[in-house]
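One structure below.
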Amino acid sequence: MLRIECPCCGPRDHDEFRYGGNASVVRPGHDDPDPEAWYRYVYVRENPAGLHPEFWQHVMGCRQWLVVERDTRNHAIASVSFARKSSR
């Protein structure tokens with residue numbers, strides 16, 4: 001089981017959180033007419049081995065959206081920060 005260190009609530013089991021997806025994917029602009037850009041955004045994903053930023057929401061706690069940097073090889077969490085302050 002993952003233990004996520006919520007900046008507001010402290011360490012919590014991952015059961016209190018909801019996975020929100022890859023935090024490194026950049027959404028095309030709303031006015032971008034390129035269907036290929038939208039296809040890549042919706043369907044094409046990398047499967048990295050190593051540190052990877054992910055969105056998680058603390059649904060059973062403070063409800064904050066977080067960026068969790070997790071190692072996909074061993075699930076070790078390197079950092080947790082608020083998504084609203086993230087530069088991603």
Side-chain angles (χ1 to χ4, degrees):
M1 175 173 301
L2 291 175
R3 297 278 292 168
I4 299 174
E5 180 81 30
C6 177
C8 296
C9 306
R12 298 288 192 264
D13 290 341
H14 81 280
D15 293 342
E16 292 190 18
F17 296 82
R18 178 168 297 133
Y19 177 75
N22 184 340
S24 65
V25 175
V26 178
R27 180 187 172 115
H30 288 288
D31 58 349
D32 189 343
D34 181 16
E36 182 63 28
W38 282 100
Y39 172 82
R40 285 190 310 276
Y41 172 71
V42 173
Y43 296 109
V44 178
R45 295 286 186 262
E46 295 290 322
N47 190 11
L51 285 178
H52 178 66
E54 302 169 331
F55 286 120
W56 289 78
Q57 185 187 20
H58 195 182
V59 294
M60 301 294 261
C62 60
R63 309 216 28 101
Q64 292 291 319
W65 277 97
L66 307 171
V67 174
V68 175
E69 191 172 30
R70 182 178 63 89
D71 191 322
T72 59
R73 297 169 294 194
N74 59 13
H75 300 292
I77 295 175
S79 68
V80 179
S81 61
F82 291 110
R84 68 177 179 264
K85 292 182 180 179
S86 176
S87 62
R88 296 182 195 335

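In this text the structure is predicted, and so the values were computed from the model without any measurement.
The nearest pair of heavy atoms linking Trp38 to His30 is CZ2-CA, 4.4 Å. When all heavy atoms of Ala83 and Val67 are compared, the pair lying nearest together is CA-CG2, 3.8 Å. Shown here for Asp32 and Pro28, the closest heavy-atom pair between the two residues is OD2-CB, 3.7 Å.
Below 30°, between 30° and 60°, or above 60°: for His58 and Phe17 the angle between ring planes is below 30°, a parallel geometry.
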Tabulate below the donor-acceptor pairs under 3.5 Å that side-chain atoms of residues 2-12 make, not counting sequence neighbours, or state none.
unit_1: Arg3; atom_1: NH1; unit_2: Asp13; atom_2: OD1; d: 2.7
unit_1: Arg12; atom_1: NH1; unit_2: Cys9; atom_2: O; d: 2.8
unit_1: Arg12; atom_1: NH2; unit_2: Cys9; atom_2: O; d: 2.9

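Surrounding CZ of Arg18 are at most 12 heavy atoms belonging to other residues, nucleotides or ligands under 6.0 Å away. The local environment of CD in Glu46 is sparse, with at most 12 non-hydrogen atoms from other residues, nucleotides or ligands closer than 6.0 Å.
Cluster membership for Val25 and Val42, using ILVMFWY side-chain heavy atoms within less than 4.5 angstrom, is shared. Following chains of ILVMFWY side-chain contacts shorter than 4.5 Å, one cannot reach Tyr41 starting from Val26, and the two form parts of different hydrophobic clusters. Val80 and Tyr19 fall within the same hydrophobic cluster, defined by Ile, Leu, Val, Met, Phe, Trp and Tyr side-chain heavy atoms under 4.5 Å apart, directly or through other members. Residues Phe82 and Val68 are members of one and the same hydrophobic cluster, defined by side-chain heavy-atom contacts under 4.5 angstrom among Ile, Leu, Val, Met, Phe, Trp and Tyr.
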Inset, instruction - Might you work through the side-chain contact (heavy atoms from CB on, under 4.5 Å) test for Thr72 and Arg70, ending with a clear yes or no? - result: CA-CA 6 Å; Thr72 59; Arg70 182 178 63 89; 4.1 Å; yes
Inset, instruction - Kindly determine whether Phe55 and Leu66 satisfy side-chain contact (heavy atoms from CB on, under 4.5 Å), including the steps that lead there. - result: CA-CA 6 Å; Phe55 286 120; Leu66 307 171; over 6 Å; no
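For the pair Gln57 (side chain) and Trp65 (backbone), a donor-acceptor distance under 3.5 Å is absent.
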